[in-house]
Amino acid sequence: MTETVQMDGKLLDVRGLRKYFPIHKGLLGRMVGNVKAVDGISFFIREGETLGLVGESGCGKTTTGRLILRAYEPTGGDIFFKDRDRGVVNLAKLDKAGLKPLRRNMQMIFQDPYSSLNPRWTLLRIVGEPLVAHGVARGSELKDRVAELLRVVGLRPEYMARYPHAFSGGQRQRIGIARALALNPQLVVADEPVSALDVSIQAQTLNLLQDLQAQFHLTYLFVAHDLSVVEHISDRVAVMYVGKLVEMAETEELFIHPLHPYTEALMSAVPKPDPRYRSRRIVLEGEVADPSNPPSGCYFHPRCRYMQDVCKAKGPEMRELRPGHFVSCHRAEELQLLGVLE
């Protein structure tokens, strides 16, 4: 299915994406509501860039990544993807048969390197599985391809006869990266790929991801909650809160000049390597909104220190306040918020 959509250098263009999980109660399993995990978000990723997707746990980051890859069925919205073979397609409208040839160009790196690898399989089978599933390689050709993939991620080819338990967490994540690269994808969704690793191993893995991006011209959606990691690897950053995007901008612009109060609070939590620096941490009052019963108006207003009556009554629209800087806040023009580098 080819769509007449102008991508203008974009690889992915997400429009109004929604995912509602039904809530069932009672003996008959009657549906009594929905958990609005992703609630009408729109963003784009240019070819060859990294978009960091950040927010608190439970805000819908991982769900967004899985919706793009169609691991979850979207409730609504469009996901336009510029496939190298088929042109622009709307992933949200394709059935299983239509998706299969596109899956080789979209892959995922999972958060937990311990549970994402089958402990009963050797590295040859783990890394070679996508190649076999898509009929790309078999036999000696498969072994040669797996050996090359292991070299690319910094592992020795003779490891392909071993099982995952023989490797450290950092090495297992490299195995997961090799598997994701097996089919030479265009888009890689990295779901907190370094959060389960030691700090020193995190740096090595991030550097590896950047080297691979340059070598294979990869495009990343990098899901994370660690802002220092996101600042290091991302070209642009999108901030989520309770299923909605609240801000999106170039990384440096967002970190220096945040326009949304939630982004300002996140930035205040980023540590500075300066013993003379006195922390100005903004501690948000109250609890994160319940996605099954969100508040009226702006979802963030019960915790916002800049809240006014309009914030309770009307939900803000995402708008471009500065070139390339989008924000969803009624008071964005008048607020003077502090960034992490100030």
Side-chain angles (χ1 to χ4, degrees), residues 1 12-43 53-81 89-100 102-103 106-112 114-118 187 189-193 195-196 221 223-225 238-246 262 284-304 311-318 328:
M1 181 189 300
L12 188 76
D13 193 353
V14 175
R15 303 180 185 180
L17 186 62
R18 292 180 288 118
K19 179 59 180 178
Y20 297 168
F21 292 99
I23 302 171
H24 298 280
K25 285 188 177 180
L27 291 174
L28 300 178
R30 185 169 57 90
M31 195 179 90
V32 296
N34 289 293
V35 174
K36 298 180 179 180
V38 176
D39 194 10
I41 66 173
S42 300
F43 64 90
L53 187 60
V54 303
E56 294 173 282
S57 296
C59 71
K61 306 186 300 295
T62 295
T63 302
T64 299
R66 296 190 176 194
L67 286 170
I68 290 169
L69 299 180
R70 284 292 302 273
Y72 291 154
E73 290 296 316
T75 302
D78 298 301
I79 308 167
F80 295 107
F81 177 68
V89 294
N90 189 348
L91 300 175
K93 308 301 181 185
L94 295 178
D95 58 17
K96 186 178 292 187
L99 277 170
K100 185 174 180 180
L102 298 173
R103 291 200 182 279
M106 307 178 295
Q107 294 295 317
M108 189 168 192
I109 300 170
F110 295 93
Q111 177 178 357
D112 187 355
Y114 293 92
S115 62
S116 62
L117 305 178
N118 191 329
L187 174 68
V189 175
D191 182 15
E192 305 209 29
S195 63
L221 174 62
V223 177
H225 63 269
V239 182
M240 282 191 78
Y241 183 77
V242 193
K244 288 186 176 289
L245 277 186
V246 297
Y262 178 61
L284 296 174
E285 302 292 334
E287 299 293 329
V288 178
D290 181 357
S292 66
N293 185 27
S296 61
C298 173
Y299 287 2
F300 185 63
H301 86 255
R303 308 177 74 192
C304 182
C311 305
K312 298 179 182 179
K314 182 181 178 183
E317 297 291 330
M318 181 70 86
S328 176

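Atoms considered below: every heavy atom in the structure, side chains included; atoms not considered: hydrogens, waters and symmetry mates.
Side-chain contact check for Leu12 versus Phe80: every heavy-atom pair is 4.5 Å or farther apart. In this structure, Leu117 and Phe110 have side chains that are not in contact, with every pair of non-hydrogen atoms separated by 4.5 Å or more. At a threshold of 4.5 Å between non-hydrogen side-chain atoms, the residues Gln111 and Ser195 count as touching. The closest side-chain heavy-atom distance from Ile109 to Val189 is not below 4.5 Å. Considering only heavy atoms from C-beta on, Leu284 comes within 4.5 Å of Phe300 through its side chain. Put simply, the side chain of Cys59 does not reach to within 4.5 Å of the side chain of Tyr241, judged on heavy atoms. Here the side chains of Pro74 and Leu67 are in contact, with some heavy-atom distance below 4.5 Å. Within the 4.5 Å cutoff, the side chain of Asn34 has no heavy atoms near those of the Ser292 side chain.
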(message) Go through it in stages, so that I can follow the logic: the residues are Asp191 and Met108, the test is side chain to side chain contact (heavy atoms under 4.5 Å, CB included), and I'd like the CA-CA distance, side-chain angles, deciding distance and then a yes or no.
(response) CA-CA 7 Å; Asp191 182 15; Met108 189 168 192; 3.6 Å; yes
(request) Could you walk me through whether Val288 and Arg303 pass the side chain to side chain contact (heavy atoms under 4.5 Å, CB included) test, one step at a time? (result) CA-CA 8 Å; Val288 178; Arg303 308 177 74 192; 3.3 Å; yes
(message) Determine whether Arg103 and Arg70 satisfy the following criterion, side chain to side chain contact (heavy atoms under 4.5 Å, CB included), listing intermediate values before the conclusion.
(response) CA-CA 9 Å; Arg103 291 200 182 279; Arg70 284 292 302 273; 4.0 Å; yes
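Both tests pass for Arg18 against the ring of Tyr20: distance under 6.0 Å to the centre and angle within 45° of the axis. Figure legend: Lys19 and Phe21 shown as a cation-pi pair, the cationic atom lying under 6.0 angstrom from the six-membered ring centre and within 45 degrees of its axis.
Arg15 and Asp78 are not joined by a salt bridge, as no carboxylate oxygen comes within less than 4.0 angstrom of a charged side-chain nitrogen.
The distance from the NZ atom of Lys36 to the CG atom of Asp290 is 11.0 Å, given to the nearest 0.5 Å. Atom-to-atom distance recorded for Met318:CE and Ile41:CD1 is 9.0 Å, nearest 0.5 angstrom.
Formation of a donor-acceptor pair under 3.5 Å by the His301 side chain with backbone atoms of Ser296 is found in this model. For the pair Lys25 (side chain) and Met31 (backbone), a donor-acceptor distance under 3.5 Å is absent.
A pairwise comparison of heavy atoms in Leu91 and Ile68 identifies CD1-O, 3.4 Å as the closest pair. Residues Leu221 and Leu187 come closest through the heavy atom pair N-CD1, 4.3 Å. The heavy-atom pair separating Met240 from Leu245 by the smallest distance is CG-CD2, 3.4 Å. Shortest non-hydrogen contact noted between Lys244 and Asp39 is NZ-O, 3.3 Å. Minimum heavy-atom separation, Ile79 to Asn90: N-OD1, 3.1 Å. The nearest pair of heavy atoms linking Lys61 to Leu53 is CD-O, 3.5 Å.
Between the side chains of Glu317 and Ser328, no donor-acceptor pair is found at a separation under 3.5 Å. Side-chain polar atoms of His225 and Glu56 form no donor-acceptor pair below 3.5 angstrom.
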